[in-house]
Amino acid sequence: AAMYAVKRAGRGHYRVYTPELDTRARDAELRDAVENGELVLHFQPVVNLVGGDGIAVEALVRWNHPVRGLQMPGAFIELAEETGAIIPIGEWVLREACRQAVGWSTPTGEKVWLSVNVSARQVTQAGLVDTIREVLAETGFPADRLVLELTESVILQPDEQTVARLSTLREMGIGISVDDFGTGYAALSYLRTLPVSILKIDRSFVDGIDTDPDTYAVAEALVRLARAYRLHVVAEGIETAEQARCMAEMGCTFGQGYHFARPMPGPALADLLASGGVG
Ligand code: C2E
Ligand code: CA
Ligand code: CA
Ligand code: CA
């Protein structure tokens, strides 16, 4: 039998699967990565598109693998969600992001909001609220500056306890953001019943707004929907000045994307904020 198989993984990308490197081994390796301090955070700014106040940063995890080098979340988050390793990873991300961002501010002394991605597994954990309370107490990060980003798949069919948990977090002042908004084919009724405060429009809806009228119209509809529910709205994946202008014109207040800044290590982001170089 072949020692390893080469599998097609999407357009033109090939991955090598060895029999030894099965799910269990990869899971164990991932859990060790947390303990060995191999995870790192990068942060990307979210800026006000219409010249008003408010600046946020989103924490994005990377794995500094001793052999394979810097691994992007696309290479390991899905597996971590399947095996449950996302629980220790997610807790590490939350604590580390709060620890780093607690001292960050702009030249005018304005504090930043901090967005942390939270997976479905974490939200269904009974201990989520306690963990977050603990991390906030430990790091001194203010609850009303923390935002949790959940994907629509989490929010689609939340059980009663999950709704209660999210409500408690909202009461603590924590923001709840629907990430990748529009990609989940969700019934929008959840927007009325869930304690959501922000909609984050997926970058697939931003791509092309500056060149294609139909794409513009769809993005505009999503912004209008967010505003009808009186939610803050953020556009992700803004890569050009023209896209930023279009989103602002639609009434989208906040934007994130390579046009403003790429994700970067905490110290670099702290410098950028302090120098007033963003937002
Ligand atoms: P996301 O939450 O939608 O994060 C935005 C992704 O888009 C990031 O990719 C970011 O680097 C990328 N991005 C930002 N601006 C632009 C742009 O202008 N153009 C393009 N083409 N891309 C842009 P990244 O860092 O590779 O993260 C991928 C996904 O992995 C995230 O998507 C999120 O779903 C997940 N993820 C990242 N960190 C965590 C984490 O700590 N916990 C969990 N559960 N998931 C995470
Ligand atoms: Ca996100
Ligand atoms: Ca997103
Ligand atoms: Ca996205």
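Counting starts at 1 for both ligands and their atoms, following the listed order.
Ion pairing between a basic and an acidic side chain is recognised when a charged N comes within 4.0 Å of a carboxylate O; E58 and K200 show such pairing. A salt bridge links R245 to E242: one of the charged nitrogens lies within less than 4.0 Å of a carboxylate oxygen. A salt bridge links R31 and D27; the closest N-O separation between the charged side-chain nitrogens and carboxylate oxygens is under 4.0 Å. Contact check on E160 versus R165 returns no salt bridge, with no Lys/Arg side-chain nitrogen under 4.0 Å from an Asp/Glu carboxylate oxygen. Salt bridge annotation for R95-E91: present, with a cationic side-chain nitrogen under 4.0 angstrom from a carboxylate oxygen.
Within the structure, ligand 1 has P263 among the residues with a heavy atom less than 4.0 angstrom away. Every heavy atom of G90 sits 4.0 Å or more from the atoms of ligand 1. Within the 4.0 Å heavy-atom shell around ligand 1 one does not find H42. Note on ligand 1: Q256 sits outside its first shell, no heavy atom being nearer than 4.0 Å.
The option from R62, R203, E236 that lies nearest to atom 7 (O) of ligand 1, judged by heavy atoms, is R203.
Under a 4.0 Å criterion applied to the non-hydrogen atoms of E58, ligand 1 contributes the atoms 2 (O), 4 (O). Per-residue contacts place V61 under 4.0 angstrom from the following atoms of ligand 1 (heavy atoms of the residue considered): 38 (N), 39 (C), 40 (C), 41 (O). Of all atoms in ligand 1, numbered sequentially from 1 with element shown, those under 4.0 Å from a heavy atom of G237 are 16 (C), 17 (C), 18 (O). Applying the 4.0 Å criterion to heavy atoms of S119 picks out, from ligand 1, the atoms 44 (N). Listed by number with element, the atoms of ligand 1 under 4.0 Å from a non-hydrogen atom of E239 are 17 (C), 18 (O), 19 (N), 20 (C), 21 (N). Close approach to D180 involves these atoms of ligand 1, each under 4.0 Å from a residue heavy atom: 3 (O). Of all the atoms in ligand 1, the ones that sit under 4.0 Å from a non-hydrogen atom of Q44 are 14 (C), 15 (N).
The nearest N/O/S atom of E149 to the Ca ion (ligand 2) is OE1. The atom of D179 nearest to the Ca ion (ligand 2) is OD2, with the search restricted to N, O or S atoms.
Residues T240 and D210 bring a donor and an acceptor atom of their side chains to less than 3.5 Å of each other.
A 6.0 Å sphere centred on CZ of R121 holds more than 12 heavy atoms belonging to other residues, nucleotides or ligands. Counting non-hydrogen atoms of other residues, nucleotides and ligands closer than 6.0 Å to NE2 of H42 gives a total above 12.
The one candidate from E29, E38, Q71 that meets the side-chain hydrogen bond (donor to acceptor under 3.5 Å, both in side chains) condition with H65 is E29.
The OD1 atom of N117 and the OE2 atom of E58 meet at the Ca ion (ligand 2) at an angle of about 90°, given to 10°.
Minimum heavy-atom separation, V93 to L41: O-CD1, 3.8 Å.
A cation-pi arrangement is present between R68 and W63, with the terminal nitrogen or guanidinium carbon under 6.0 Å from the aromatic centre and inside a 45° cone about the axis.
With a 4.0 Å cut-off on non-hydrogen atoms, D179 touches ligand 1 through its side chain and not its backbone. Both the backbone and the side chain of N117 come within 4.0 Å of ligand 1, counting heavy atoms alone.
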